[in-house]
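Let me begin by presenting the structure, written as structure tokens, before commenting on it.
In what follows, chains are A, B, ... by sequence order, proteins preceding strands, each numbered from 1.
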Amino acid sequence: MPSSAHTVQVIRSPRFSYRWCLELLWNLAFQRVHLRYKETFLGFGWIFLQPVALTIIFNYIRRVADIPTGKVPYTLFVAAGLVPWSFTSLAISQSSACIFGNSSLLKRMVFPKILLPLSTILSTMADLLVMAFLLVGLFIYHRFCPSASVLWLPLIFLVHLVLLVGLACLLSLAHVFLRDLGYAIPHLLWLWFFASPVFYPASMVPKEFKGLAVWNPMVGLIEGYRNTLLLGKPPSPDLFLPTIAVSVGMFLLGLTAFRVSEGVLVDML
Amino acid sequence: MDRIRLAGVSKRYFRLGGSKLLARWLFRRSSRGQDWFWSLRDVDLHIPRPGTSLGIIGTNGSGKTTLLRIIAGVTLPTAGTVTVHGRVVSMLELFAGMQPDLTGRENLFLNGILLGMRRREILHKLDSIVEFAGIGEFLDMPFKHYSLGMQMRLGFGLSTHVEASIFLVDEAWGIGDSDFQAKSFRRLRELKRQGVTLILVSHDPEILRQLADETLWLHKGETRAFGPTEKILSSYLQQHPGR
């Protein structure tokens, strides 16, 4: 047989039903959450630990360096940035290994592979939910009442989700071909953390980096969350529109990459 | 309608993995012949009727598992045409999908869904599966504490309770005791009677004789012979007399 110009044709019936896919997605996500906290003593307490520790650290840093936040209490200001950031950071670190880590599953079972990154994102939404309660608690403690601008929140969250799904698809695929990513991602996340306005306002980004920061989707997202939650303003279009563009771009790129590589993926594991 | 039809199916695997393959692709180095090997070459196969069973025989490395993986849809062929009509349950590496930290029950649900069942369906069949596997009181124990035999029985019990029309069986009973071997053998025969298509990989001529109507003899990825089980087995055993 010549080693070039192969014709491949695969005809299969029946196909996966959508309801079954949804059930599988839900179960994969649920088991992830379940497994992650099953054998730890603190259980879901671990979700609180990082944001709480960071909030305390940043309150300390604020004493050292002057960070203007207007009339908003600094703790609230930081928390409103930390919760979305923690969601991003958890989703990325959890999902980047989701294909490589499930190789025994992929080699044996037949199911839409995109359900793996999707289910990791879904499972980190459990963590997000817990952190959101924490944030609500802080709002009540500071007797801070958000205005009607919170109606923007679903849109901002949708863009956030679209970005994370795209990134999770891209990174989990890249991880299969480039194992180095497993080591690189924690460091890249730290770089990204400092490049994003988590403990400082986006207005403090140095002038020479402003052009670059616009294309960091976390700038637009965190600023959007803060505007709507704390300042009673809609997200500013000059930051939010590029964020939408980057997020949708990542999303489309991720889905395309999955579609292209789905067939050969298993042979690479 | 054909159940399974393979025409000129070949599968090539690369010797290199991950980053090396990526580097080669990026730098457009022409890949030489020794970068890959053919696990399967130009295999034809046709199973027209329901209830017909196929045995696959061959020495280690002859491409048996690759063939099952292609039929299962886990991997795509490098060349050829594959037609599969009907739900396939692959019983390759029976408990590879099980999570060691989850209990037997939790694993049944997760793996049952992965095998194509719905949650309600599993709930409905749970008693029957547990009884078949004979693990009763251990159902809520973490899977990692199961003995190898229990793990296998649970996997076998679950897989054979899926409503599918094609079952791929790869030496599934290798580890079980003789009681379980007899039980799983009866279960497969029952499935066959119901019109299920079995595809069995086995080194045991007795099992093939009793369950497989036709047998495919693979040798180094190529079809050596294909025909009625008795005929293929006698020539196979002539060449590989075993002990």
Side-chain angles (χ1 to χ4, degrees), chain A residues 1-17 19-32 34-40 100 102-111 113 115 119 174-182 261-269, chain B residues 1-2 5 7-14 17-19 21-23 25 31 33 36 38 41-42 69-70 72-88 90-99 101-102 106-107 109-120 142:
Chain A
M1 149 159 311
S3 59
S4 57
H6 304 298
T7 50
V8 181
Q9 196 191 5
V10 177
I11 303 159
R12 280 182 180 275
S13 74
R15 295 306 304 165
F16 307 118
S17 80
R19 304 186 82 181
W20 175 75
C21 288
L22 279 178
E23 198 167 282
L24 180 56
L25 175 68
W26 178 253
N27 273 275
L28 284 172
F30 180 78
Q31 299 299 356
R32 272 192 81 85
H34 187 55
L35 265 180
R36 195 136 43 91
Y37 297 106
K38 194 177 188 181
E39 306 227 313
T40 53
F100 180 62
N102 280 308
S103 51
S104 72
L105 213 61
L106 286 168
K107 280 184 183 170
R108 181 175 162 252
M109 303 289 203
V110 186
F111 59 96
K113 297 170 182 63
L115 291 183
S119 70
H175 190 268
V176 173
F177 297 94
L178 216 60
R179 297 289 143 75
D180 316 47
L181 269 182
S261 62
E262 188 155 30
V264 295
L265 195 57
V266 174
D267 300 334
M268 298 296 164
L269 291 168
Chain B
M1 193 161 63
D2 294 342
R5 182 190 280 278
V9 167
S10 301
K11 178 70 186 178
R12 183 178 66 183
Y13 278 107
F14 285 91
S19 52
L21 198 62
L22 186 75
W25 181 76
S31 29
W36 62 61
W38 292 93
R41 285 202 108 154
D42 216 6
R69 285 212 168 120
I70 286 174
V74 175
T75 184
L76 291 175
T78 314
T81 311
V82 178
T83 313
V84 177
H85 291 297
R87 224 152 98 180
V88 184
S90 78
M91 294 163 67
L92 304 132
E93 303 154 52
L94 268 175
F95 40 83
M98 304 273 189
Q99 290 280 355
D101 288 318
L102 294 178
E106 290 162 344
N107 264 309
F109 279 100
L110 187 61
N111 274 269
I113 294 171
L114 278 165
L115 283 168
M117 292 197 206
R118 303 297 299 270
R119 206 178 162 83
R120 193 178 305 159

(message) For the CG atom of B:N111 and the CG atom of A:L105, what is their distance to the nearest 0.5 Å?
(response) 7.0 Å
(request) Would you check if the side chain of A:W20 reaches a backbone N or O of B:I113 as a donor-acceptor pair within less than 3.5 Å? (result) yes
(request) Measure distances from A:L115 to the heavy atoms of chain B and classify the residue's part below 4.5 Å as side chain, backbone, both or neither. (result) neither
(message) As an exercise, state the distance from OG of A:S104 to CE of B:M98, rounded to the nearest 0.5 Å.
(response) 11.5 Å
(message) Given heavy-atom pairs under 4.5 angstrom as the criterion, report whether the side chain, backbone, both or neither of B:R69 touches chain A.
(response) side chain
(message) Any non-hydrogen side-chain atom of A:V110 less than 4.5 Å from a side-chain atom of B:V88?
(response) no
(message) Is there a side-chain contact between A:H34 and B:L102 in this structure, where contact means two heavy atoms from C-beta onward sitting under 4.5 Å apart?
(response) yes
(request) Could you pull out all residues at least two apart from B:K11 that satisfy salt bridge (Lys or Arg N to Asp or Glu O under 4.0 Å)? (result) A:D267
(message) Restricting to non-hydrogen atoms, name the atom on B:P77 and the atom on A:V10 that form the minimum distance, rounded to 0.1 Å.
(response) CD-CG2, 4.0 Å
(request) Against chain A, label B:V9 side chain, backbone, both or neither, depending on which of its atoms sit under 4.5 Å from a heavy atom there. (result) neither
(message) What I'd like to find out is whether the side chain of A:M109 reaches to under 4.5 Å of the side chain of B:L115, using heavy atoms alone.
(response) yes
(message) If I take atom CG from residue A:L35 and atom CD from residue B:E106, how far apart are they, to the nearest 0.5 angstrom?
(response) 8.0 Å
(request) Dump the intermediate steps for side-chain contact (heavy atoms from CB on, under 4.5 Å) on B:V84 and A:I11, then the final yes or no. (result) CA-CA 6 Å; B:V84 177; A:I11 303 159; over 6 Å; no
(request) Spell out, as yes or no, whether a donor-acceptor pair under 3.5 Å connects the side chain of B:T75 to the backbone of A:V264. (result) no
(message) Which heavy atom of A:P14 sits nearest to which heavy atom of B:R87, and what is that distance?
(response) CD-N, 3.9 Å
(request) Using modelled atom types only, decide if a donor and an acceptor are shared between the side chain of A:E23 and the backbone of B:R119 within a distance under 3.5 Å. (result) yes
(request) Report the distance from atom CG of B:L114 to atom CG of A:L28, rounding to the nearest 0.5 Å. (result) 6.0 Å
(request) Could you pull out the closest heavy-atom pair between B:V74 and A:R108, with the gap in Å? (result) CG2-O, 3.6 Å
(message) List the residues meeting side-chain hydrogen bond (donor to acceptor under 3.5 Å, both in side chains) with B:R5, not counting sequence neighbours, and say none if there are none.
(response) B:D2, B:H46
(request) List the atom of A:R12, the atom of B:I70, and the distance in Å for their closest heavy-atom pair. (result) NH2-O, 2.9 Å
